[in-house]
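Here is the structure we will look at, set down as structure tokens.
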Amino acid sequence: MNSESSTLKNTSPFHEIIEDIEDLISSQDITPKERYSSRKNVKIKAKRKEQNVTNLEPVNGENIPGTQTIYIKTWGCAHNSSDTEYMAGQLAAYGYKLTDNKKEANLWLLNSCTVKNPAEDHFRNQVEEAKREGKYIVVAGCVPQGAPKASFIQGLSIIGVQQIDRVVEVVEETLKGNTVKLLGTKKEHGKKVGGASLLLPKVRRNPLIEIIAINTGCLNQCTYCKTKHARGELGSYPPEEIVERAKQAFEEGVVEIWLTSEDTGTYGRDIGSSLPELLWKLVEVIPKGCRLRLGMTNPPYILEHLAEIAKIMNHPRVYSFLHVPVQSGSDQVLSDMKREYFRKDFEHVVDFLRSQISGMTIATDIICGFPTETEDDFEETMSLCEKYKFPSLFINQFFPRPGTPAALLPRIAAQEVKRRTKRLTDLFYTYQPYEGRVGETYEILVTEVSHDKCYFVGHNKFYEQVLIPKEQKYMGQLVTVKILSASKFSMIGEPIDKIMPGLTKPLQQGQVSGIKIEKPEDIRVLITLLILGVSIIFRFLWMIL
């Protein structure tokens, strides 16, 4: 798992802070029913009195299940974001009100990330704040999954990363004053599967973008990474389920699909499939005017698919963009990290894709200050970044994660790590990836609002960011623009043509995916029939009495 902190502002009923590089390309933008009744595996544990939350009483007078208000906050990658959307969807479908005002909420659902210390610190601070505020608390995500005995979450309800389909019962029991812990692994025929069904209700953060987790876990054993402690070994979803989710999303007005996981390149190895096989099936169902974006893949697992991946990324409805984290330009450091590839392997991935796809965008990330990194090792990293001038380069200082092999190694002095980080950052700012683009024309798919609320944000075929005037007619549509100016991270364009009139009208912000809403006239007919049926029953009973 790879990380970079950035805050995404949005208008959704649940807060989100994305910490994973994979899905921070767009965060650099000036934008960027059912009830589950099976309870046999729910463990109710007595509250520990030392926890403030244990002194809470069940919500009296408002204890009808599904009537309370829930605040949701998320840290982490797109996989975490997808999990949050599913949990929010199930809660909303059951009747709970979702709010972005944490003060008015009865319960806080906090979905955590364990990639870096700051992300976990933010999560811990929110847990402590919720306790001080006297709120009911449910924790989810990689922190409690990977470290369920962490002191600050003792006495709290926990939802494991593969148990999100049971969020309704966990929330309900927590509001009754009970502690529920669900940390199991979903298996079929004794084999791990991807997790909860992809066809569950969800509330999308952005009604125009569908995030689909195609697999969970990974095959790596990176010495610095703690995510595998939580997500575990590889578990892939069947291609048919992924395709069905995509089709449903397009029917609901989605125009952009993000495929995500801890490592998309490993998809299907456990179920006799492969990433290219899945992508070709998805390409068949992408409507005109929509696009698909592939998430992060590590070098070892994309090498054998390079030729097919190049063909797929040349498809007009697939972004010519790939995030391939290298982490270091030194073979020795890569070996110490157990990354399972050499520098030349990474260079082959970049060179091949760039040679086969004109304009191809490769994003990568670097860890500065890994414990065994010498000055010569760092210079190799500098030379790699100078050679390729990556338009999206995510630079991270090494964070020792408890329980990982790298955490046991002697650390490089903090000042030296900062110096190396600054040198690489300075190099990154010496080049302008969009230089010379003024006057160019592109088709862009418009899906977001800029952070300053002044522009709409779209992406061209290469997932490069283009800002355009904030006119509602452009949102969710494929628009031709002429570039007027460019900066380090984006371009500003002038719409010169509207290619598509738009697809199905998207769901409203906060509306639950997968839940059919009847037309008013249909509801009236249903009520009339119901009244008629009841009157017939009463008449019959009156006659026999």
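Excluded from the calculations below are hydrogen atoms, water molecules and symmetry mates; all remaining heavy atoms, backbone and side chain alike, are included. For clarity, every value in this text was computed on a predicted model and none was experimentally measured.
- Side-chain contact, Trp280 with Glu308: a donor N or O sits under 3.5 Å from an acceptor N or O.
- Side-chain contact check for Ile366 versus Asn396: every heavy-atom pair is 4.5 Å or farther apart.
- For the atom pair Arg339 CZ and Gln327 CD, the distance stands at 5.0 Å (nearest 0.5 Å).
- Within 6.0 Å of atom NZ in Lys338, 12 or fewer heavy atoms from other residues, nucleotides or ligands are found, so the atom counts as exposed in its surroundings.
- Salt bridge Arg166/Glu173: absent, no basic N to carboxylate O contact under 4.0 Å.
- Arg269 is not listed as a side-chain neighbour of Ser274, based on a closest heavy-atom distance of 4.5 Å or more.
- Of the charged side-chain nitrogens involved, at least one lies within less than 4.0 Å of a carboxylate oxygen, so that Arg124 and Asp121 count as a salt-bridged pair.
- The nearest pair of heavy atoms linking Ala213 to Tyr237 is O-CD1, 3.2 Å.
- Here the OG-CG distance, from Ser328 to Leu334, works out to 5.0 Å after rounding to the nearest 0.5 Å.
- Of all non-hydrogen atoms in Thr381 and Glu373, the two that sit nearest each other are OG1-OE2, 4.4 Å.
- The CG atom of Asn80 sits 6.5 Å away from atom SG of Cys113, with the distance rounded to the nearest 0.5 Å.
- Counted by atom type alone, Tyr224 and Arg401 present zero donor-acceptor pairs between their side chains at under 3.5 Å.
- Ion pair Arg423/Glu386 not flagged as a salt bridge, since none of the NZ, NE, NH1 or NH2 atoms sits closer than 4.0 Å to an Asp/Glu carboxylate oxygen.
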Task: Intermediate values then yes/no, side chain to side chain contact (heavy atoms under 4.5 Å, CB included), Leu110 and Trp108 - done: CA-CA 6 Å; Leu110 306 174; Trp108 292 12; 4.3 Å; yes

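- Between the side chain of Ser82 and the main chain of Ala78, no donor-acceptor pair closer than 3.5 Å is present.
- Under a 3.5 Å cut-off, the side chain of Gln154 and the backbone N or O of Ala150 do form a donor-acceptor pair.
- With hydrogens and angles left out, the side-chain atoms of Thr374 and Asp377 include a donor and acceptor closer than 3.5 Å.
- Contact record, Leu384 with Gly329: CD2-CA, 4.0 Å, taken as the closest heavy-atom pair.
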- [ ] Show your working on side chain to side chain donor-acceptor pair (under 3.5 Å) between Asn111 and Thr84 and close with a plain yes or no.
- [x] CA-CA 7 Å; Asn111 193 6; Thr84 290; 2.9 Å; yes

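- Between the side chains of Glu464 and His459, no donor-acceptor pair is found at a separation under 3.5 Å.
- Under a cut-off of 6.0 angstrom, the local environment of NZ in Lys422 is sparse, with at most 12 non-hydrogen atoms contributed by other residues, nucleotides or ligands.
- Of the inter-residue distances, the one linking Ile164 atom CD1 with Lys186 atom NZ reads 9.0 Å to the nearest 0.5 angstrom.
- In summary, Arg231 and Glu262 engage in a salt bridge, as defined by a charged side-chain N under 4.0 Å from a carboxylate O.
- The main-chain N or O of His348 is never found under 3.5 Å from a side-chain atom of Asp351 such that the two would form a donor-acceptor pair.
- A donor-acceptor pair is defined here as one N or O able to donate and one able to accept, closer than 3.5 Å; no such pair exists between the side chain of Thr216 and the backbone of Ser236.
- Contact check for Val254 versus Ile209: no side-chain heavy atoms found under the 4.5 Å cut-off.
- Between Ile158 and Pro148 the shortest heavy-atom distance is CD1-O, 4.4 Å.
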Task: Tyr319 vs Glu256, side chain to side chain donor-acceptor pair (under 3.5 Å): CA-CA, chis, key distance, verdict - done: CA-CA 10 Å; Tyr319 285 116; Glu256 189 168 288; 2.5 Å; yes

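- Within the 3.5 Å criterion, the main-chain N or O of Val138 finds no donor-acceptor partner in the side chain of Ser157.
- No side-chain heavy atom of Thr260 sits under 4.5 Å from any side-chain heavy atom of Ile212.
- Salt bridge status for Glu210 with Arg245: present, with a side-chain N to carboxylate O gap under 4.0 Å.
- Although no hydrogens or angles enter the test, the distance criterion places a donor-acceptor pair under 3.5 Å between the side chain of Thr174 and the main chain of Val170.
- Interatomic distance, Asn298 CG to Cys218 SG, rounded to the nearest 0.5 Å: 7.5 Å.
- Of the candidates Ile214, Leu279, Ile302, Leu322, Ile214 is the only one forming a side chain to side chain contact (heavy atoms under 4.5 Å, CB included) with Thr264.
- In the displayed structure, Lys488 atom NZ is contacted under 6.0 Å by more than 12 heavy atoms of other residues, nucleotides or ligands.
- Using a 3.5 Å distance cut-off with no hydrogens or angles, the side chains of Ser261 and Asn215 do pair a donor with an acceptor.
- Evaluated for a side chain to side chain contact (heavy atoms under 4.5 Å, CB included) with Met313, the options Leu292, Leu294, Leu353 yield exactly one hit, Leu294.
- Between the side chain of Asp263 and the backbone N or O of Gly265 there is at least one donor-acceptor pair closer than 3.5 Å.
- Nearest heavy atom pair, residue Ala119 against residue Trp75, reads O-CD1, 4.3 Å.
- Nearest heavy-atom pair across Ala105 and Thr99 is CB-CG2, 3.9 Å.
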Open item on the list: Leu393 vs Cys385, test: side chain to side chain contact (heavy atoms under 4.5 Å, CB included). Steps then yes/no.
Closed with: CA-CA 9 Å; Leu393 177 62; Cys385 295; 4.2 Å; yes

- [ ] Applying side chain to side chain contact (heavy atoms under 4.5 Å, CB included), run through Leu282 and Leu278 and close with a yes or a no.
- [x] CA-CA 6 Å; Leu282 283 168; Leu278 170 65; 4.0 Å; yes

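- Counted by atom type alone, Tyr86 and Asp165 present zero donor-acceptor pairs between their side chains at under 3.5 Å.
- Proximity of a side-chain donor or acceptor of Thr364 to a complementary backbone N or O of Val326 within less than 3.5 Å is detected.
- Residue Lys131 forms a side chain to side chain contact (heavy atoms under 4.5 Å, CB included) with just one option from Glu128, Glu133, Glu129, Lys135, and that option is Glu128.
- For the pair Ser320/Thr361, no side-chain contact is recorded, criterion being any heavy-atom separation below 4.5 Å from C-beta on.
- You'll find the side chain of Asn220 reaches within 4.5 Å of the side chain of Glu340, heavy atoms only.
- Within the 3.5 Å criterion, the main-chain N or O of Ala140 finds a donor-acceptor partner in the side chain of Ser112.
- Arg419 has a carboxylate O that lies under 4.0 Å from a charged side-chain N of Glu375, or vice versa, which qualifies the two as a salt bridge.
- With no hydrogens or angles considered, a side-chain donor-acceptor pair links Ser383 and Arg343 at under 3.5 Å.
- Atom OG of residue Ser81 and atom CD1 of residue Ile211 lie 5.0 Å apart, to the nearest 0.5 angstrom.
- Panel note: side chain Glu241, backbone Leu198; a donor-acceptor pair is recorded below 3.5 Å.
- Residues Tyr388 and Tyr431 keep their aromatic ring centres 6.0 Å or farther apart.
- Between Tyr429 and Phe489, the ring-plane angle classifies as perpendicular under the 30° and 60° cut-offs.
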Task: Derivation of the side chain to side chain contact (heavy atoms under 4.5 Å, CB included) call for Met360 and Phe462 - done: CA-CA 6 Å; Met360 177 74 188; Phe462 317 108; 5.8 Å; no

